[in-house]
Amino acid sequence: MERVRVRFAPSPTGFAHIGNMRNAVFDWLLAKHAGGEFILRIEDTDRARYVEGALEEIFEALRWLETPYDEGPVQGGPFGPYFQSERLDIYAKYAKQLVEQGDAYYCFCTSERLAEMRKGQEARKEPTGYDRTCLKLSPEEVEANLAAGVPAVIRFKVPYKGETAFCDLVRGEITFRNELLDDFVIIKSDGYPTYHFASIVDDHLMQITHVIRSEEWISSTPKHMLMYAALGWNPPKWVHPPLILGQDGSKLSKRHGAVRFLDYKEKGYLPETMMNFIALLGWSPGEDRELFTTEELIERFSIDGIVNHPVKFDLSKLDWMNGVYMRQADLGRITELCLPYLTEAGLIPENPSPEELSYAKAVIALVQDRMKVLSEAPELTEFFFREDCRYDEKGMKKWLSRDYVLELLRNLAGRIEASAEFTIESLEEAVRMAGEDMDAHGGQVIHPVRMAVTCRTAGPGLFETMEVLGRARVIQRLNRAIGILSESRDD
RNA sequence: GGCGCCAUGGUCUAACGGUUAGGACACGGCUCUUUCAAGGCCGCGGCGGGGGUUCAACUCCCCCUGGCGCUACCA
């Protein structure tokens, strides 16, 4: 049994997106499951589309997901370099071999000519494809052009006869007629290889056993098969997981928003959520279950479970799942993760004191169960930090406008000030007693007090909230409300 | 247009010829409860259409329809 070697081969042409990372997760899970290697290879062959910072995104995304690679940039490995831009001589060597064998040839057609050719073909409703003009060039003409420095590409000479079949481990055998292919470029005029060529050369040299890449690559696989055959190499196993679709059913892309993988980190999703959720994006363990630890995913992952149809990205399910992991997570960790959001919102200072930290932790403890994502923290906890929180208008009208409320709050403030204790129990008792004095009960008491103390109608348990707020803040809030109410009564 | 892939509720998925078609999210209701969540319970809702094959089709085959992808000196 050969050792499983899989590679994640992103291009630094933009941010790492959900689709990339889904493939990375499949790669990683398969490698871990099989005890094989997970390799990172950077396919930086498109100099025009190179994006500054894209590389760092990829590294950061893998780091956040905790899917370390065994070989790749930075630490290297026995099959490096792992940047395709550093392997140009390798591609040149094999391209030359193909030319010498007669399986590839130089082409000097300008992009203008190519565009014109294509236009004509379209007008005549013919299939588009290179017309092999340069294949007719004599060796002398080719030499002369090359010597004169005429810009040239190298094209692979597709055998137009017959058909090419391959086995996709997700869908079974797939066959294409060769005549539908055209002589595609393998080396561009800038000397860089195209994806098609670089990837097959590297997959072979790096001894990749399984190529996992999205469904969109199925149509180009025959090209790859033809090149493997021309070079006398054994192709790897092809695995094409389904495309990930946006809510509108088209291929997930920038216009759908929220496809940048690290956006999910910034919005406050937990990495364990993303691992779990993404693993299920086109793969099913076949159980009536959807929550899995990473270890369980590794144990269960298999190519058999990869589904063969496109899947839509369901944000509401992601939210649900993150809520589940949020509730399970350690309070200290969640607090730590919430801090940047609280700081950003100006609720706590950049470098909080130990007291501020433990206050924050007590606050988060009350909302941890109610959070779907970390970024909700400021909104959920604002009133714990701001003395002058804004009263919810509807709630104000509903609960603070009643006649007995002013007296109720005065009564309660008095009781709390007078009491030596300040605990959940003593607070509950004080609120109940104040209510009894007003002949008000249950919600008639609780709601006005909640409004006065938190400025809003919903939140964690009232007595826990008051306890965390502390005596000073509670009194301050009560007095604030009392002030407003007595003023409006004077009017 | 050509080629290719695909098709179970709104969404994700189970079923690998014989099930009252199962589970999850979402949605609706009830419940718990000081509110909001969470939880528990209940419910809504599906095999795209047509032909075959078979004693028996969601499952196998064909056609149609529909969706998506590819069709670059981008990946």
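Just so it is clear: chains get the letters A, B, ... in the order the sequence lines come, proteins before strands, and each one is counted from 1.
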Reckon [X] has a side-chain N or O less than 4.0 Å from the OP1 or OP2 of [N]?
{"X": "A:K251", "N": "B:C70", "answer": "yes"}
{"X": "A:K312", "N": "B:U13", "answer": "no"}
{"X": "A:H240", "N": "B:C6", "answer": "no"}
{"X": "A:T128", "N": "B:A72", "answer": "yes"}
{"X": "A:R456", "N": "B:U35", "answer": "no"}
{"X": "A:K188", "N": "B:A72", "answer": "no"}
{"X": "A:N308", "N": "B:A7", "answer": "yes"}

Which whole-number value in Å describes the distance from [X] [atom1] to [N] [atom2]?
{"X": "A:L291", "N": "B:C12", "atom1": "CG", "atom2": "P", "value": "19 Å"}
{"X": "A:D248", "N": "B:U11", "atom1": "CG", "atom2": "P", "value": "13 Å"}
{"X": "A:R47", "N": "B:C74", "atom1": "CZ", "atom2": "P", "value": "11 Å"}
{"X": "A:R177", "N": "B:G4", "atom1": "CZ", "atom2": "P", "value": "7 Å"}
{"X": "A:E215", "N": "B:U71", "atom1": "CD", "atom2": "P", "value": "14 Å"}
{"X": "A:D182", "N": "B:A72", "atom1": "CG", "atom2": "P", "value": "7 Å"}
{"X": "A:E216", "N": "B:C74", "atom1": "CD", "atom2": "P", "value": "16 Å"}

Checklist entry - Given A:E429 and A:R415, is the salt bridge (Lys or Arg N to Asp or Glu O under 4.0 Å) satisfied, shown in steps? => result CA-CA 10 Å; A:E429 177 70 1; A:R415 285 179 181 282; over 6 Å; no
Item to check | A:R132 NZ/CZ over A:Y160 ring centroid, <6.0 Å and within 45° of normal | outcome: yes
Next on the checklist: Using the P atom as the point on both nucleotides, what is the distance between B:G43 and B:G48, in whole Å?
Outcome noted: 25 Å
Item to check | B:A56 and B:G22, which share atom name P, separated by this distance in whole Å | outcome: 24 Å
Checklist entry - Quick one: does A:S219 reach the base of B:C70 with a side-chain donor-acceptor pair under 3.5 Å? => result no
Checklist entry - Could a donor-acceptor pair under 3.5 angstrom be found where the side chain of A:R370 meets the base of B:C36? => result yes
Item to check | Interatomic spacing from CD1 in A:I39 to OH in A:Y69 - rounded to 0.5 Å | outcome: 12.0 Å
Mind checking if [X] touches a base, just sugar-phosphate, or nothing, with heavy atoms under 4.0 Å?
{"X": "A:R450", "answer": "base"}
{"X": "A:F176", "answer": "sugar-phosphate"}
{"X": "A:T45", "answer": "sugar-phosphate"}

[N]: pairing nucleotide in any strand, Watson-Crick or G-U under 3.5 angstrom:
{"N": "B:C5", "result": "B:G67"}
{"N": "B:U33", "result": "none"}
{"N": "B:U19", "result": "none"}

Checklist entry - Picking from A:L29, A:I278, A:L297, what satisfies side-chain contact (heavy atoms from CB on, under 4.5 Å) with A:W283? => result A:L297
Next on the checklist: Check the orientation of A:W217 and A:H224. Use parallel for under 30°, tilted for 30 to 60°, and perpendicular for over 60°.
Outcome noted: tilted
Next on the checklist: What verdict does the disulfide bond (SG atoms under 2.5 Å apart) test give for A:C455 and A:C389, after you've listed the backbone C-alpha separation in whole Å, the side-chain angles of each residue and the deciding distance to 0.1 Å?
Outcome noted: CA-CA 6 Å; A:C455 295; A:C389 52; 2.2 Å; yes
Checklist outcome for this item: Ranking B:U13, B:C73, B:C12 by distance to the side chain of A:K317, first place goes to B:C12
